[in-house]
Amino acid sequence: MLRPVSIEAQPQAWLTGALFGITAVVFILTSAALIAALVRQDPRPPTPATGSAQDDRGRIRAVVTAVGATAVVLAVVVAASLAAGPHRERAGPPDALAVEITGHLWWWEITYLAPPGGTAVTTANELHLPAGRPVDVYLRSADVIHSFWAPSLGGKTDLVPARPGHFRMTPTEPGEFSGFCAEFCGLEHARMRLTVLVDAPDTFERWLADEARTARAPTAPMEEEGRGVFLASPCVGCHTIRGTPASGHLGPDLTHLAERRTLAAGAVPNSVGHLAGWLVAPQDVKPGTLMPPAGLPDHELQALVSYLAGLR
Amino acid sequence: MLERTWGPGPGWLGRLTDVDHKRVAIRYVLTAVAFGVLAGLLSLVMRLQLAVPDNRLLGPGTYNALFTIHGTAMMFLFAVPVMQGLGLYLVPLMIGTRNLAFPRLNVFGYYVFLAGGLFLFGGFFLHASPRAGWFSYVPLASLQFSPGKGVDIWAQTITFTELAALVAAVEIVVTTLKQRAPGMRLGRMPVLVWAMLVMSVMVILAMPAIMVASTLLAMDRLVETHFFIPERGGDVVLWQHLFWFFGHPEVYIIFVPALGFVSQILVAFSRRPLVGYPAIVGSLVTTGGLGFALWAHHMFAAGMSHGQSVFFMVASMAIALPTGIQIFCWIATLWGTRPRCARRCCSWWASSSPSCSAASPAWCSPRCRSTSSSTTPSSWWPTCTTC
């Protein structure tokens, strides 16, 4: 049912199961008592003394016993909750990976903070993580409140403007997991998705090194023309392609756009057709998105698509 | 003669200015149910939208408007007013007084409530709906991210309905504390009256928080204050604290009267006094108190210190105890009584109507005194159910 894939999510899944089990037992016992109360007939006929303190003594004793049992169960539940966390913040291990996630209307900016001597790497809507290594996730918001939630990995935490957030997780096994925005953030809240890809450590390191490179230079003439179109268009006001003069920060970094699985934070798969559709009519794909339509003549659009689709 | 004195005045004006608590309360309940039905229709449309993936029935903007109006209407225009309306109807009858303490204020409260509801649904039909959710979290609800009049209408609706809720709460508290029939000490009040009293005290303590919050939000939007604008030193989490300091007690404001109803109805059907009347009343009061100690469990994901999260977790668990006490007392009351709706037993309606067992003391007291020699507090009221 629940598939926890991080060290932090495991006790939460365990706690969920334990609470379900305990409350199921309590529910069944209480229901059984209620049914017994309704079915059983008191042999004594009611008298004027019915309901007096004297008469109710046995019933009150039963209530006190049941309340005592409830208190014990609650104490157990509290203890289990304390054991499962959240725990007091501790300093992270030195090899922890530091990632900053910034919420935007309606997409995720993901920055791998620079290790000593390295460079920061920025991407969008796809969180790649190494298995078996603690990750310190720092949360920021550029506009309204969002909430990072990848159920299998745990750690649902809000991204609050002007209040930096943080949580730590340690993914345990490779795989592809869904993430969502879990705080209603307006028009396209439902299409603010995130893919979490947990890889073996060496695969992850290779990916990060690839991602740190500047954009691949165009090879075909069509792509060359596309780059010209891109750099001459208003696109550069919002998007960055590292290795070119384009360095806007309002929209996602496009340096390795073609590597991503989806467009517009999980709205559509990342294929050439969808990319063209997204460029021409973003409001049809994701009504309310801040991305304006490209408004380019056909051949320029084709060139632009082939350039962007080549950004591996 | 009496009818002329206490009945409504002539004509439409007479009906609109009628101050009889029963007629005003029925109006209250019916209005709340009407808003509830409207809100329910909105949720049907939302369900249609969600019935299949990638449905194009509603755009995201309309959908957001629907769930904002639905949530706001259910919480502010249905759940609380319907409970308060029942309280305004039953409490004077159950404690034996002719009307509420401030009959005209009561009518005023009703009209303010009606205005709030019409305002919200009027905005909806005029395409000026709020779309920031029934909780209107800032900064999404700020002017920058929610332009237009929608959120202003929401804030005004809140102010109207909370004012009405406060009026009804003051009515119930004052009437209960000052106008009980001779001999009805607090410890002898029907459990439902206790529940209404607890609910009303909770309303008085909780509603000002949301009224302050919605007023600050309206000021941010209309006169450019910066209570909730982070770039200018405002704090968005402050909104959440103010909102949930109302919003969580709100859950118990609805829940506590419901508990009272169960206790009261149970007594009628089991034809015996409640087991553990003091425990049940104590549990209602404890629930009301603890209800104010766990608002931040709506904010665990917003980030808080370890100590805070432990406190709010423990408080959230602890409130299960008073509820458990009541459920066990109910089972103990029912034990062996074979409750059924026999001919001689009061029907559900009769049991909660004033003529029978809802303790119209003039009718009931002599019989109670004659049949009950016991001096336990619980015995005053329940013997009436043997009618």
Side-chain angles (χ1 to χ4, degrees), chain A residues 26 30 33-34 36-44 46 48-56 59-60 62-64 66-67 70-71 74-75 77-78 81-82 86-89 105 139 143-145 147 149 156-158 160-163 165-166 182-191 287-288, chain B residues 59-61 63-64 131-133 135 137-140 142 144-146 230-231 234-237 271-276 279 299-303 306 309-310 313-314 317-318 320-321 324-325 327-339 371-376 378-379 382-383 386:
Chain A
V26 170
T30 311
L34 178 62
L38 295 175
V39 170
R40 204 178 145 280
Q41 173 117 47
D42 197 333
R44 295 166 304 160
T50 299
S52 66
Q54 192 77 21
D55 187 59
D56 274 352
R59 291 168 192 253
I60 285 172
V63 169
V64 169
V67 171
T70 310
L74 280 174
V77 167
V78 166
S81 304
L82 287 175
H87 298 290
R88 222 176 280 280
E89 287 274 316
L105 292 169
L139 303 164
D143 34 56
V144 304
I145 301 176
S147 190
W149 190 39
K156 185 200 274 181
T157 311
D158 288 357
V160 185
R163 279 192 177 230
H166 167 254
E183 183 64 67
F184 175 61
C185 59
L187 213 51
E188 287 297 342
H189 166 62
R191 287 199 193 88
Chain B
Y63 186 86
N64 292 351
R131 292 175 178 192
F135 37 82
Y137 268 18
V138 287
L140 182 61
S142 67
Q144 186 188 353
F145 297 106
S146 292
E231 304 88 80
D235 189 351
V236 295
V237 177
R271 289 158 289 161
R272 79 184 299 294
L274 215 46
V275 173
M299 300 165 55
F300 280 138
H306 182 254
S309 60
V310 168
M313 181 271 284
V314 172
M317 298 284 186
L321 212 53
I325 290 173
I327 291 173
F328 295 136
C329 285
W330 295 339
I331 293 177
T333 305
L334 285 171
W335 192 265
T337 57
R338 299 298 287 270
T371 55
S372 170
S373 54
S374 157
T375 53
T376 54
S378 55
S379 63
T383 33
T386 54

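Naming: A, B, ... by sequence-line order, numbering from 1 per chain.
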Interface moiety of [X] toward chain B, non-hydrogen atoms closer than 4.5 Å:
X: A36(A); answer: both
X: A62(A); answer: neither
X: V64(A); answer: neither
X: L139(A); answer: neither
X: V160(A); answer: side chain
X: I145(A); answer: both

[X] versus chain A, the contacting section by heavy-atom distance below 4.5 Å:
X: V275(B); answer: both
X: S146(B); answer: neither
X: F300(B); answer: neither

Chain A interface, residue from [options] that has the most non-hydrogen pairs under 4.5 Å:
options: P60(B), C329(B), G336(B); value: G336(B)
options: W330(B), F328(B), Y137(B); value: F328(B)
options: I327(B), V314(B), D235(B); value: D235(B)

Count the heavy-atom pairs under 4.5 Å between each of D143(A), V26(A), L105(A) and chain B, then report the option with the highest count.
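Going by pairs under 4.5 Å, I would pick D143(A).
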